[in-house]
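Step one of this worksheet: look at the structure below.
Nothing fancy with the numbering, it's 1 onward along the sequence.
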Amino acid sequence: MVRSWDAAVERAQDRLVAGVRLRAAVEGEERRFARWDLASLVEGGLGERVDPDALAPQAERGWRERLGESGRDWPGGELYRRRYWIRDDAGEVAGTVAVDNWTKGPSQLAVSSLYVRPEARGRGLAAAALDEVYAAATAEGLPGFRLEAHWTWQPAVRYYLRRGLWVVGWKRSLSFARMPQLPLHRVREEDGRLLLLVADRQRGWVPILAAGQEGRWLRLDETADYRGCDGWVHEYARSTLALYLALAGRPLVRGPQWWAEAWRWADAGEPEGLAVRIEEFERAARATGRAAAGPYRPVELPQPAPLAAPQLADSGDG
């Protein structure tokens, strides 16, 4: 039996096909789309730019080998998502985006392969594409979309925060979401602290969290508005502010006791969980010969327990 949200995803995809900014990739364009997707991976993972339409087969193989598993070509995987070309104002192809045929998280559209070629950037094309995906999702009753980005892909990570996406997880990479339940947010520096503010129709921008520094430690303060805010905001505000702090090179650890319990936030939540994940992300990047140039610098502390849920004791009820 097809679940109701599966039908909603199909209808949302049909809306994207009929939209003005995107054009569905058609039969015969698979290889071209794969090369554009590869250009995104090369820029994000290796920090180098390539012209996807000028990639010869030998050069393509070389880039995929350098990328390793992340650069592997998955022709059969295209059965599970729809691929779209992003068009510029003249109707010419300027980028790519793909949307899965099933939902992710709380029934959200899953977005991948977002890429705009360098000479077409700065025109709002990626933003317009994401807006179309969001509009298609919400029109069919789906709670927005979700997408992933690697921590080491610093320009992309910063872009998604500028677009107002919320950080909803960091299990294997950074997970971002745009949802109707989550208002616009921004971060402002004030008196040496970073304030996370959310948009309120009556009161304008309302601060809900404040992150300061005490010596080498993070100090995280809640406002009364945070304690009374909606559950979705309450859940993702700390994760979102944590990423802002990391990108600003600010501390993420509130002290040895918090660090020792960082495993509790292995997937999302408190900033200490992100601190451990960043170390893992950068260690993995260095192991493959890639530079890990994130601005966050960890505090030298004893290593926390492994990021795994604690084992429950056997009740003996056999």
Side-chain angles (χ1 to χ4, degrees), residues 105-108 134 138 143-149 151 157-171 174-278 295-296 298-299 304 307:
S107 302
Q108 297 164 310
Y134 181 75
T138 54
F145 65 79
R146 181 177 294 217
L147 55 80
E148 310 290 322
W151 159 255
V157 170
R158 294 174 185 274
Y159 174 75
Y160 294 139
L161 284 181
R162 289 198 305 271
R163 289 298 307 159
L165 303 188
W166 289 73
V167 179
V168 298
W170 46 60
K171 187 173 183 178
L174 298 173
S175 298
F176 296 86
R178 181 179 175 187
M179 303 171 63
Q181 302 93 326
L182 294 170
L184 294 174
H185 74 266
R186 64 171 54 165
V187 162
R188 182 178 73 212
E189 184 170 359
E190 184 177 290
D191 298 327
R193 301 183 302 167
L194 293 188
L195 305 182
L196 178 67
L197 305 97
V198 295
D200 181 272
R201 290 183 179 179
Q202 282 73 41
R203 295 187 292 161
W205 290 100
V206 178
I208 59 173
L209 291 174
Q213 189 168 342
E214 294 182 340
R216 60 176 179 170
W217 310 116
L218 164 69
R219 172 168 178 163
L220 186 61
D221 296 316
E222 304 171 355
T223 68
D225 287 290
Y226 173 78
R227 291 188 287 272
C229 67
D230 176 83
W232 291 98
V233 175
H234 199 277
E235 180 173 0
Y236 296 133
R238 300 168 91 86
S239 297
T240 301
L241 181 56
L243 183 55
Y244 276 104
L245 289 169
L247 292 172
R250 302 287 188 97
L252 293 176
V253 179
R254 282 166 285 185
Q257 183 176 354
W258 285 91
W259 184 241
E261 297 186 0
W263 58 266
R264 295 180 180 273
W265 308 289
D267 297 342
E270 302 291 349
E272 288 77 12
L274 178 59
V276 177
R277 285 301 190 205
I278 287 175
Y296 176 70
V299 175
L307 285 179

Check whether any side-chain heavy atom of Glu214 lies under 4.5 Å from a side-chain heavy atom of Pro251, and answer yes or no.
no
Classify the ring geometry of His234 against Tyr226: parallel below 30°, tilted from 30° to 60°, perpendicular beyond 60°.
parallel
Would you say Arg277's side chain and Leu174's backbone share a donor-acceptor pair under 3.5 angstrom?
no
Distance in Å, Leu196 CG paired with Trp166 CH2, rounded so as to fall on 0.5 Å steps
5.5 Å
Any donor-acceptor N/O pair, Asp230 side chain to Trp232 backbone, under 3.5 Å
yes
Is Cys229 close to Val198 at the side-chain level, that is, under 4.5 Å between some pair of heavy atoms?
no
Say you draw a straight line from CG of Leu247 to CD1 of Ile278; how long is it, rounded to the nearest 0.5 Å?
7.5 Å
Pro295 versus Arg158, closest heavy-atom pair with distance
CG-NH2, 3.7 Å
Given the rule in the ring pair (Phe, Tyr, Trp, His ring centres under 6.0 Å) test, do Trp217 and Trp259 qualify, once you have shown the distances and angles that lead to the verdict?
CA-CA 11 Å; Trp217 310 116; Trp259 184 241; 9.4 Å; no
Do the side chains of Glu261 and Glu270 get nearer than 4.5 Å, heavy atoms only?
no
What's the shortest heavy-atom distance between Leu274 and Ala246, and which atoms?
CD2-CB, 4.3 Å
For the side chain of Thr240 and the backbone of Val167, is there at least one donor-acceptor N/O pair under 3.5 Å apart?
yes
Looking only at heavy atoms, what is the nearest atom pair of Pro180 and Gly144, with distance?
CD-N, 4.0 Å
Crowding at CZ, Arg219 (>12 non-hydrogen neighbours, <6.0 Å)
no
Could you pull out the closest heavy-atom pair between Arg250 and Ala211, with the gap in Å?
NH1-O, 4.3 Å
Side chains of Trp151 and Tyr296 in contact at under 4.5 Å (non-hydrogen atoms)
yes
For side-chain contact (heavy atoms from CB on, under 4.5 Å), just list the numbers for Trp258 and Leu252, CA-CA rounded to whole Å, side-chain angles, deciding distance to a tenth of an Å, and then say yes or no.
CA-CA 10 Å; Trp258 285 91; Leu252 293 176; over 6 Å; no
dist Leu218:CG -> Leu241:CG (nearest 0.5 Å) comes out at 8.0 Å
Identify the two heavy atoms, one from Val157 and one from Ala149, that lie closest to each other, and give their separation to 0.1 Å.
CG2-CB, 4.2 Å
Using side-chain heavy atoms (C-beta onward) and a distance below 4.5 Å, is Thr223 in contact with Leu209?
no
Between Met179 and Pro106, is there a side-chain heavy-atom distance shorter than 4.5 Å?
yes
Ionic contact status for Glu222 with Arg238, cut-off 4.0 Å:
yes
Can you check whether Arg201 reaches Pro183 side chain to side chain, under 4.5 Å on heavy atoms?
no
Are Arg188 and Trp205 in a cation-pi setup, meaning NZ or CZ lies under 6.0 angstrom from the ring centre and within 45 degrees of the ring axis?
no
Please tell me whether Tyr236 and His185 form a close aromatic pair, meaning their ring centres lie under 6.0 Å apart.
no
List the steps, then state whether side-chain contact (heavy atoms from CB on, under 4.5 Å) holds for Leu161 with Val187.
CA-CA 10 Å; Leu161 284 181; Val187 162; over 6 Å; no
Could you check whether any side-chain N or O of Ser239 sits under 3.5 Å from a backbone N or O of Ala268, counting only pairs where one atom can act as donor and the other as acceptor?
no
Between Trp263 and Val276, is the side-chain contact (heavy atoms from CB on, under 4.5 Å) condition met? List the steps.
CA-CA 8 Å; Trp263 58 266; Val276 177; over 6 Å; no
If I compare all heavy atoms of Gln108 with all of Ala177, which pair ends up nearest, and what's the gap?
NE2-CB, 3.8 Å
Dump the intermediate steps for side-chain contact (heavy atoms from CB on, under 4.5 Å) on Phe176 and Tyr159, then the final yes or no.
CA-CA 11 Å; Phe176 296 86; Tyr159 174 75; over 6 Å; no
Is Trp170 reaching over with its side chain to a backbone N or O of Ala275, donor-acceptor style, under 3.5 angstrom?
no
